[in-house]
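Report on one structure; see the data block that follows.
A note on names: the letters A, B, ... follow the listed sequences, proteins ahead of strands, and every chain is numbered from 1.
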There are 2 protein chains.
Amino acid sequence: MSVKVDLTMVKTRSTQQRVAILQILEGTDEFRSAQEIHKLLEQKKLKVGLATVYRTLQKMAVQEDIDAIRSAHGEIIYRKCGQKEGHHHHLICRQCGITITVDGPTIENWTEKIAKENGFREVSHTLDIFGICKNCYRKA
Amino acid sequence: MSVKVDLTMVKTRSTQQRVAILQILEGTDEFRSAQEIHKLLEQKKLKVGLATVYRTLQKMAVQEDIDAIRSAHGEIIYRKCGQKEGHHHHLICRQCGITITVDGPTIENWTEKIAKENGFREVSHTLDIFGICKNCYRKA
DNA sequence: AGTCTTACTGAGAATAGTTATCAATAGACT
DNA sequence: AGTCTATTGATAACTATTCTCAGTAAGACT
Ligand SMILES: [Zn+2]
Ligand SMILES: [Zn+2]
Ligand SMILES: [Zn+2]
Ligand SMILES: [Zn+2]
């Protein structure tokens, strides 16, 4: 009898630190880095260790409570996504950061197919589309 | 906040180091990081300083001799311009990390379509598929 | 070929973002 | 209250990249 490990199943405790970080994320639509969130918490007189901020955001991203992408500058930035339900993807402007939520069966089916063809199970995927939006292109 | 210098205006000398780095890039269609290129040069018994590799690649990218993108892992990776044949995606086992390279027109077309529908230009994308490979699943 | 200018180089220090370590703490459950 | 263990905080370690600066070598011009 073997135990199946599923990261989304591990018990997550509701700590003061986790709640504080979540509140920051819920207070904006923008992507925020771990460092930024740590500073914002300091301003609110909430002392949360930097390592805790990193760990919590990382875990939230794995459990799909928040979205994580890599900025052009190299930092991982996080956002509580407006669309709370359902798997989906993002179309992001490299210039101004405006983000459009997109989804559709095409990639979902394609990734499933590719994974199955290679004998993989418990499949998931990440996909982000980047470009220059109409507005920014006009200004350039 | 850093001061931006226009590197395209300064004279570029053809040094042994620059030639060696260019040869590495011309020897493959894949994206390579500065660290990887530095190791490859070592294997060819060419001693080129790591800082020089970083500086040279950075300058080549600014002068648009090569393409530079940020990998999901956070590194800047470089490729000799032109053909997009090197573009592909990864199917990664969450357990053992084994990685399979995959590609196909399906997602390429889909992402292009989605971006165009939303008025985006200069489109790029990132996609990774995760799962449990046959081997690891059997062991579990 | 010799000389001059200055872009370029290498080694290491410095920086930025992130992850690992580990003893102490505090949720959750009986 | 007591137990179990996920979580925390301070800091060390790590990875990728940039900076510093004295020494080197393209390339231009005699
Ligand atoms: Zn989203
Ligand atoms: Zn834009
Ligand atoms: Zn595996
Ligand atoms: Zn693609």
* Structure fact -> When rounded to whole Å, the CD to P distance for the pair B:Gln35 and D:dC14 reads 15 Å
* Identify which nucleotide among C:dT9, D:dA16, C:dA7 has an atom closest to any side-chain atom of B:Lys59, counting heavy atoms from C-beta outward. => C:dA7
* Asked: For B:Ile21 and C:dT9, what is the distance between atoms CD1 and C1' respectively, to the nearest whole Å?
  -> 11 Å
* Asked: Out of curiosity, B:Ile37 CD1 to B:Ile77 CD1, how far, rounded to the nearest 0.5 Å?
  -> 10.5 Å
* Rounded to the nearest angstrom, tell me the gap between atom CG in A:Leu50 and atom C1' in D:dT7. => 16 Å
* Given C:dA11, D:dA16, C:dT18, which nucleotide is nearest the side-chain atoms of B:Ala51? -> C:dA11
* Asked: With distance as the sole criterion, is a donor-acceptor pair present between the side chains of B:Arg18 and B:Thr15 under 3.5 Å?
  -> no
* Asked: Does A:Tyr54 have a side-chain nitrogen or oxygen under 4.0 Å from the phosphate oxygens OP1 or OP2 of C:dT19?
  -> no
* Structure fact -> Looking only at C:dT9, C:dG27, D:dG9, the nucleotide nearest the B:Thr52 side chain is C:dT9
* Does one side chain, of A:His90 or A:Arg79, offer a donor that lies under 3.5 Å from an acceptor on the other? -> yes
* Asked: Which part of the nucleic acid, if any, lies within reach of A:Ser14 when heavy atoms closer than 4.0 Å are counted: base, sugar-phosphate only, or nothing?
  -> sugar-phosphate
* Does the D:dG9 base have a donor-acceptor partner in the side chain of A:Arg55 within less than 3.5 Å? -> yes
* Give A:Gln58 one of three labels, base, sugar-phosphate or nothing, depending on what nucleic acid heavy atoms sit under 4.0 Å from its own. => sugar-phosphate
* Asked: Cut-off 3.5 Å, side chains only: do A:His125 and B:His89 have a donor facing an acceptor?
  -> no
* **A:Arg18 CZ to C:dA26 C1', straight-line distance once rounded to whole Å** => 16 Å
* To do: Send over the distance from B:Lys11 NZ to C:dA7 P, rounded to a whole Å.
  => 8 Å
* Structure fact -> A:Gln16 CD to C:dA28 C1', in whole Å, measures 15 Å
* Choosing from C:dG10, C:dC8, D:dT8, which nucleotide comes nearest the side chain of A:Thr56? -> D:dT8
* To do: May I ask you to establish whether B:Arg32 and B:Tyr78 are in a cation-pi arrangement, using a distance under 6.0 Å from NZ or CZ to the six-membered ring centre and at most 45° from the ring axis?
  => no
* Structure fact -> B:Thr12 has its side chain closest, among D:dA16, C:dG10, C:dC8, to C:dC8
* B:Leu46 has an atom CG; how far is it from atom P of C:dT9, in whole Å? -> 13 Å
* Among C:dT6, C:dT18, D:dA6, which nucleotide sits nearest the side chain of B:Arg13? -> C:dT6
* What does B:His38 touch in the nucleic acid at a heavy-atom separation under 4.0 angstrom: a base, only the sugar-phosphate, or nothing? -> nothing
* Structure fact -> Whichever of B:Gln17 and B:Gly74 has the more 5' nearest nucleotide on DNA chain D, that residue is B:Gly74
* **Gap between atoms CD and C1', on B:Gln63 and C:dC8 respectively (whole Å)** => 13 Å
